[in-house]
Amino acid sequence: QVQLVESGGGLVQIGGSTKLSCTASGSIASFNTMGWYRQAPGKERDMVAIIANSGSTVYGDSVQGRFAITRDNVKRTIILQMNNLQPEDTAQYYCAAPMAGLWGQGTQVTVSS
């Protein structure tokens with residue numbers, strides 16, 4: 001079974017940028033939809049951004065215009081570029097192929113002054 005491993009994140013200053021990477025242990029070409037989700041303490045897991053094999057994307061309302069998702073099926077990676085980060089972006093971020101039920105372990109992003 002394909003495994004997803006996230007990297008990146010950490011502590012970021014308000015207004016700063018960071019990049020999250022998700023690397024799959026096998027081919028992701030068969031997963032039409034892949035994406036990033038996040039969960040803050042005490043809150044439900046929310047969709048951050050998803051991308052199809054066609055390259056079409058959908059973003060959560062709160063990150064539209066600040067975040068960008070890309071995928072490279074050859075390199076088996078999904079990238080989330082996060083800009084103008086705000087404290088409300090603090091959460092555990094998960095890479096997923098949601099329709100296949102595949103989820104990574106998550107990586108923490110903390111935005112603070």
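The first residue of the sequence shown is numbered 1, and numbering continues consecutively from there.
- Without hydrogens or angle criteria, Thr107 side chain to Gly8 main chain gives a donor-acceptor distance under 3.5 Å.
- Side-chain contact check for Thr18 versus Leu85: some heavy-atom pair is nearer than 4.5 Å.
- Hydrophobic clustering, with ILVMFWY side chains joined whenever heavy atoms are under 4.5 angstrom apart, groups Leu102 together with Leu20.
- Partners of Arg71 according to the salt bridge (charged side-chain N to carboxylate O under 4.0 Å, His left out) rule, which considers only residues two or more places apart in sequence or in another chain, do not exist here.
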Evaluate the criterion side chain to side chain contact (heavy atoms under 4.5 Å, CB included) for residue pair Trp36 and Met82; output intermediate values, then yes/no.
CA-CA 11 Å; Trp36 288 91; Met82 308 163 66; over 6 Å; no
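- Between the side chains of Asp72 and Thr77, no donor-acceptor pair of N or O atoms lies under 3.5 Å.
- Evaluation of the salt bridge (Lys or Arg N to Asp or Glu O under 4.0 Å) test over residues 56-69, restricted to residues two or more places apart or in two chains, returns Arg66-Asp89.
- Put simply, Ile50 and Leu80 are part of two different groups of oily side chains (I, L, V, M, F, W, Y) that touch within less than 4.5 Å, one to the next.
- Ile69 and Val12 fall within the same hydrophobic cluster, defined by Ile, Leu, Val, Met, Phe, Trp and Tyr side-chain heavy atoms under 4.5 Å apart, directly or through other members.
- Judged by distance alone, the side chain of Asn53 and the main-chain N or O of Ala29 form a donor-acceptor pair under 3.5 Å.
- A cation-pi arrangement, defined by a distance under 6.0 Å to the six-membered ring centre and an angle within 45 degrees of its axis, is absent between Arg38 and Tyr94.
- In this model, no donor atom of one side chain and acceptor atom of the other lie less than 3.5 Å apart for Ser112 and Thr110.
- Under the 4.5 Å side-chain contact rule for hydrophobic residues, Val48 and Ile51 share a cluster.
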Test side chain to side chain contact (heavy atoms under 4.5 Å, CB included) on Gln13 and Val111; report intermediate values, then the result.
CA-CA 6 Å; Gln13 288 192 328; Val111 184; over 6 Å; no
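- Here Val74 is tied to no hydrophobic group at all, with no ILVMFWY side chain closer than 4.5 Å.
- At least one donor-acceptor pair closer than 3.5 Å links the side chain of Glu6 to the backbone N or O of Gln105.
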Quick one: do Gln64 and Ser62 satisfy side chain to side chain contact (heavy atoms under 4.5 Å, CB included)? Show the steps, please.
CA-CA 6 Å; Gln64 181 75 45; Ser62 62; over 6 Å; no
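- Distance check: Gln86 CD to Ile14 CD1 gives 6.5 Å after rounding to the nearest 0.5 Å.
- For the residue pair Pro98 and Tyr37, the shortest heavy atom distance occurs at CG-OH, 3.4 Å.
- Between Leu4 and Cys95 the shortest heavy-atom distance is CD1-O, 3.8 Å.
- Put simply, the side chain of Asn83 does not reach to within 4.5 Å of the side chain of Phe67, judged on heavy atoms.
- Residues Ile78 and Thr70 are not in side-chain contact: their nearest non-hydrogen atoms beyond the backbone lie 4.5 Å or more apart.
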